[in-house]
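Numbers for residues simply follow the sequence, beginning at 1. All ligand and atom numbering here is 1-based and tracks the order in the structure.
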Amino acid sequence: MSEKTASEKLKEELFYEPKSAWDRLDEQEIAAADRYCEGYRRFVDDSKTEREAVLTAIELAEAKGFRPFDRTQPLKAGDKVYYKNRGKALLMAVIGTRPITDGVSIAAAHIDSPRLDLKPNPLYEDHDLCYFDTHYYGGIKKYQWPTLPLALHGVIVRRDGTTVKVCVGEDEGDPVFCVTDLLPHLATAQMKKTMAEGIKGEDLNILIGSRPFRDDKGSELVKLNIMKLLHDKYGIVESDFLSAELEAVPAFGARDVGFDRSLIGAYGHDDRVCAYPAVTAILETEHPAYTAVTILADKEEIGSEGNTGMQSAFLKYFIADIAAAFGAEGRHVLSRSVCLSADVNVALDPMFMDVIEVRNCAKLNGGVVLTKYTGAKGKSDTNDASAELMGRIRSLMEDGDVVWQIGELGRVDAGGGGTVAKYIADLDVDTVDLGVPVLSMHAPFEVVAKLDVYMAHKAFAALLQRQ
Ligand code: MN
Ligand code: MN
């Protein structure tokens, strides 16, 4: 090898040249990442909705000794507790050895994903075909949702107060559902519309049947037959839809992508690809110095509203209850806490370079992406993390051998978005976004790189196990 020139040596010393995870990890660690992602694929397949993610996470947590949090019971270092918020959000904690007033470490991901929700009164028949009418949830490109096999997940609360769970379309023998689209032969007018207008929100109706109830005469016999099938299976009548949460999601499971299997394609990487690492990181956390907390939040995709979203007080109350167990005030704990708001960010896509500024965009296989701010326009609507916090997290990543990169949400004024970071920062917690870069974000089939998923686990473990 030829001797480096003076300028090469000086560049090496002074320039910032981010390296791909492929160049930084040895074979052993790459194999560990592949193994880790097997568990991740199972998690996403078992957790297509926020309710299912909560149940899957609790199952994993209980196997590791976590117990339901009881604020009337004393807590001691090493205790592992979880708090389920209305079946749709989850808090997990491992009590640390340091005084609780030193603050806690928080990894906060969300477990809701864009989808088609059934309307409160969804069932109707039109020209002898039966449909569920939907109201889309979260930021979707509507044209992506027709002609996909869809599964239906959720709960129905019957008039008598009992709840029935629904999951149709996931098992090999199950039927699936779909939104139809127009044949190209007759789409001359449709194809002239903008992509935003080609398929409208009210066009997202899910085809659910065509076989009539056998009778000599009568109207709405296809709907009647569907309602009879649903009554036989779930014991419901049509008005029970009024108290239901039914979510249509892509019916396919997670798959390796690429001949080299370096990528994973799945519905709902955003944000299960951060939720799973946030969970696995706390599961392997034993006797941390600072109390470790993992949050799985609902409602992020619609603005973190409602009592299961991060604008709710449930995190504040949970921390207050833990603080009270040690005779402390919740706010004194929060003020000294550190949070990684664990959410995805855009990955550089060579197909769409016009929205990317390459020096500040995350790349697949570049490791986890640390995002100082999200928001839109002149940094509006964002938690803009301080230089001091960025410095602390940098050190934490480097000391934990985490491959990480910096990333913004696209070019200035190209658009924008947000995460739960600003709501947690509102509680006086030092908060910054860190997560996995994603291609095709919010599409029914999103793509991530396995090495980045594994690095997310290592990043959250580095935070939750900090000394
Ligand atoms: Mn997200
Ligand atoms: Mn999102």
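Between the Arg86 side chain and the Thr308 main chain, no donor and acceptor come within less than 3.5 Å of each other.
Separation of the Tyr454 and Tyr36 ring centroids falls under the 6.0 Å cut-off. If you look at Phe241 and Phe132, their ring centroids are closer than 6.0 Å. When ring centroids are compared, His269 and Tyr40 come within the 6.0 Å threshold.
Ring orientation note: the planes of Tyr124 and Tyr131 are close to parallel, at an angle under 30° on the 30°/60° scale.
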Show your reasoning for whether side-chain hydrogen bond (donor to acceptor under 3.5 Å, both in side chains) applies to Glu301 and His442.
-> CA-CA 10 Å; Glu301 296 295 357; His442 284 205; 3.1 Å; yes

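Protein atoms of type N/O/S that fall under 2.8 Å from the Mn ion (ligand 2) number 4 in this view.
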